[in-house]
Amino acid sequence: MPELPEVETVRQGLRALILNKTIANIDILWPKIIVNDQLFFKQTLTGQTFEEIDRRGKYLLFRLSNQLTLVSHLRMEGKYRMVPQEQPLTKHTHVIFNFTDGTALRYLDVRKFGRMQLIPTGAENTVSGLKQLGPEPTAADFKVAAFAAALQRHRKAIKPVLLEQHVVAGLGNIYVDEVLWQSQIHPLQPANQLTDTQIKALHQAIIAEMKRAIAAKGTTIRSYTDAYGASGGFQLALAVYGREGEPCQRCGTTILKTKVGQRGTHFCPHCQLLTTKGVAK
DNA sequence: CACACCGCCTGACTGC
DNA sequence: TGCAGTCAGGCGGTGT
């Protein structure tokens, strides 16, 4: 499941592969992937050139000529592949950008959850999802005071709050479990009941974890690969995700897997206690 | 606005 | 071995 570090790795790979390529035509094999009208999407993009690729949270922003931006979200299992146009289609290929040089960019997605939307560049804040996105989880954009204030507005558990993307952008199920373990916070801890110490630890862990995971080119758990089909390396660095039944690396207690807000959740029941004003219940 | 819940999808896995 | 049932989960939409 691509989260911010995986999407960033895809961005970097795709930049090297498609910048300055011009679209000759587009095939849409699964129309629901495209938010816009299909015909509009094809006609508007034909003849345009990829000029840059930006990223916001888990969204890829393909900047094209003529002030156009293609917003792309990979959701669970979306992938891009560069191939020669004559290469036989594989299963789960849903959108194909054929370039004028004989190559093609193909979008593959087993679950078909991914979405693409063509908008005028600058209209990003009109796209649902993008417009409510919290700050990037970097030291430059993500400030602890604003983070603390945002957490105060939520009474529900910290885990679903972090998954919402509104308080901070880019974390998914894997990295949320990881940063909560690192900062020793129970996933069910109400967001507005974190202590200042916990907020600072969580804030720091989020920034550091995203940086480390990007450096490792992301985490490959189920099916994620980058634009070249390569796996990430960060799964080896995960402390709790997918490690239920294994000893906690900090205290040796067996890591548990439960459900929080319908999502598989991994944590250490000894290191991550539910607290009231920082005191264990 | 905050929050809970459902639908979207298909492949892998589980139990009989 | 075959097959029905369950699970995985990011996010938009809906309802309270």
Side-chain angles (χ1 to χ4, degrees), chain A residues 1-10 28-36 55-61 71-80 89-95 107-119 124-134 136-137 149-180 187-194 206 210 213 218-225 235 238 240-245 256-267:
Chain A
M1 49 213 89
E3 305 180 28
L4 187 151
E6 293 74 42
V7 177
E8 175 60 20
T9 304
V10 169
I28 300 174
L29 306 176
W30 191 264
K32 286 189 77 171
I33 302 276
I34 310 297
V35 175
N36 311 84
R55 179 192 55 72
R56 184 75 175 88
K58 304 178 202 172
Y59 292 82
L60 288 167
L61 305 171
V71 179
S72 169
H73 197 300
L74 305 174
R75 296 281 179 93
M76 295 298 295
E77 305 201 36
K79 301 174 195 19
Y80 283 101
L89 283 190
T90 56
K91 210 178 173 185
H92 310 307
T93 302
H94 306 310
V95 183
Y107 178 75
L108 294 73
D109 190 339
V110 171
R111 291 284 204 293
K112 299 175 176 169
F113 279 3
R115 291 294 179 267
M116 291 180 203
Q117 183 173 1
L118 185 62
I119 60 169
E124 289 80 4
N125 59 4
T126 65
V127 176
S128 76
L130 264 183
K131 62 182 170 190
Q132 309 99 319
L133 222 48
E136 289 293 308
L151 292 177
Q152 283 310 307
R153 291 197 294 271
H154 297 277
R155 282 172 297 174
K156 69 176 170 182
I158 183 65
K159 172 156 181 174
V161 169
L162 293 176
L163 287 174
E164 264 174 11
Q165 311 298 307
H166 300 166
V167 170
V168 62
L171 281 73
N173 204 40
I174 296 173
Y175 294 115
V176 166
D177 281 3
E178 293 299 310
V179 297
L180 289 176
L188 285 174
Q189 183 75 27
N192 64 356
Q193 286 177 35
L194 296 182
I206 288 170
M210 291 294 102
T219 300
T220 298
I221 286 288
R222 181 152 300 164
S223 63
Y224 160 77
T225 56
Q235 56 278 9
L238 300 180
V240 285
Y241 190 89
R243 296 195 184 278
E244 61 270 27
L256 297 184
K257 181 175 183 183
T258 59
K259 284 235 174 191
V260 174
Q262 332 283 23
R263 280 170 189 93
T265 298
H266 312 72
F267 72 108

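Chain letters run A, B, ... following the sequence lines, proteins first, then strands; residues in each count from 1. None of these values were measured; they are calculated from a predicted model.
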Let me spell it out: for each of Gln132(A) and Phe113(A), pick the nucleotide of DNA chain C with the closest heavy atom. Which residue's pick is nearer the 5' end?
Phe113(A)

With sequence neighbours excluded, tell me which residues meet side-chain hydrogen bond (donor to acceptor under 3.5 Å, both in side chains) with Glu3(A).
none

Mind checking if Gly264(A) touches a base, just sugar-phosphate, or nothing, with heavy atoms under 4.0 Å?
sugar-phosphate

NA contact type, Lys159(A), heavy-atom cut-off 4.0 Å: base, sugar-phosphate, or nothing?
nothing

I'd like to know if the side chain of [X] reaches the main chain of [Y], judged simply by a donor and an acceptor atom lying under 3.5 Å from each other, with no hydrogens or angles considered.
X: Arg75(A); Y: Glu77(A); result: no
X: Gln189(A); Y: Ala157(A); result: no
X: Glu124(A); Y: Lys131(A); result: no

Do Glu6(A) and Tyr175(A) meet the criterion of a side-chain donor-acceptor pair at a distance under 3.5 Å?
yes

Rounded to whole angstrom units, what separation is found between the [atom1] atom of [X] and the [atom2] atom of [N]?
X: His92(A); N: dC9(B); atom1: NE2; atom2: P; answer: 14 Å
X: Glu3(A); N: dG9(C); atom1: CD; atom2: C1'; answer: 11 Å
X: Leu163(A); N: dA8(C); atom1: CG; atom2: P; answer: 14 Å
X: Asp109(A); N: dC11(C); atom1: CG; atom2: P; answer: 13 Å
X: Tyr59(A); N: dG12(C); atom1: OH; atom2: C1'; answer: 9 Å
X: His166(A); N: dC1(B); atom1: NE2; atom2: C1'; answer: 12 Å
X: Asn173(A); N: dA8(C); atom1: CG; atom2: P; answer: 10 Å
X: Lys32(A); N: dG13(C); atom1: NZ; atom2: C1'; answer: 12 Å

For [N], does OP1 or OP2 lie under 4.0 Å from any side-chain N or O of [X]?
X: His73(A); N: dG12(C); result: no
X: Lys259(A); N: dC7(C); result: no
X: Lys112(A); N: dG10(C); result: no
X: Tyr241(A); N: dG9(C); result: yes
X: Arg111(A); N: dC8(B); result: no
X: Lys91(A); N: dG11(B); result: yes
X: Gln165(A); N: dC11(C); result: yes

Check whether any side-chain heavy atom of Leu171(A) lies under 4.5 Å from a side-chain heavy atom of Glu178(A), and answer yes or no.
no

Check the interface with nucleotides 2-5 of chain B: list each N/O to N/O pair with the protein under 3.5 Å, or write none.
residue: dC3(B); atom: OP1; partner: Arg155(A); partner atom: N; Å: 2.7
residue: dC3(B); atom: OP1; partner: Lys156(A); partner atom: N; Å: 3.2
residue: dC3(B); atom: OP2; partner: His154(A); partner atom: ND1; Å: 2.9

Listed nucleotide nearest any side-chain atom of Ser128(A), set dG9(C), dC9(B), dG13(C):
dG13(C)

Quick one: sort the His94(A) and Tyr107(A) rings into parallel, tilted or perpendicular, breaks at 30° and 60°.
tilted

Distance (rounded to the nearest 0.5 Å) between Lys58(A) NZ and His73(A) NE2:
5.5 Å

Interatomic spacing from OG1 in Thr265(A) to CG in Leu256(A) - rounded to 0.5 Å
11.5 Å

CA sep, side-chain torsions, deciding dist, call: Val161(A), Leu151(A), side-chain contact (heavy atoms from CB on, under 4.5 Å)
CA-CA 8 Å; Val161(A) 169; Leu151(A) 292 177; 4.2 Å; yes

Pull out every protein N or O sitting under 3.5 Å from an N or O of nucleotides 3-6 of chain C, one pair per line with the distance.
none

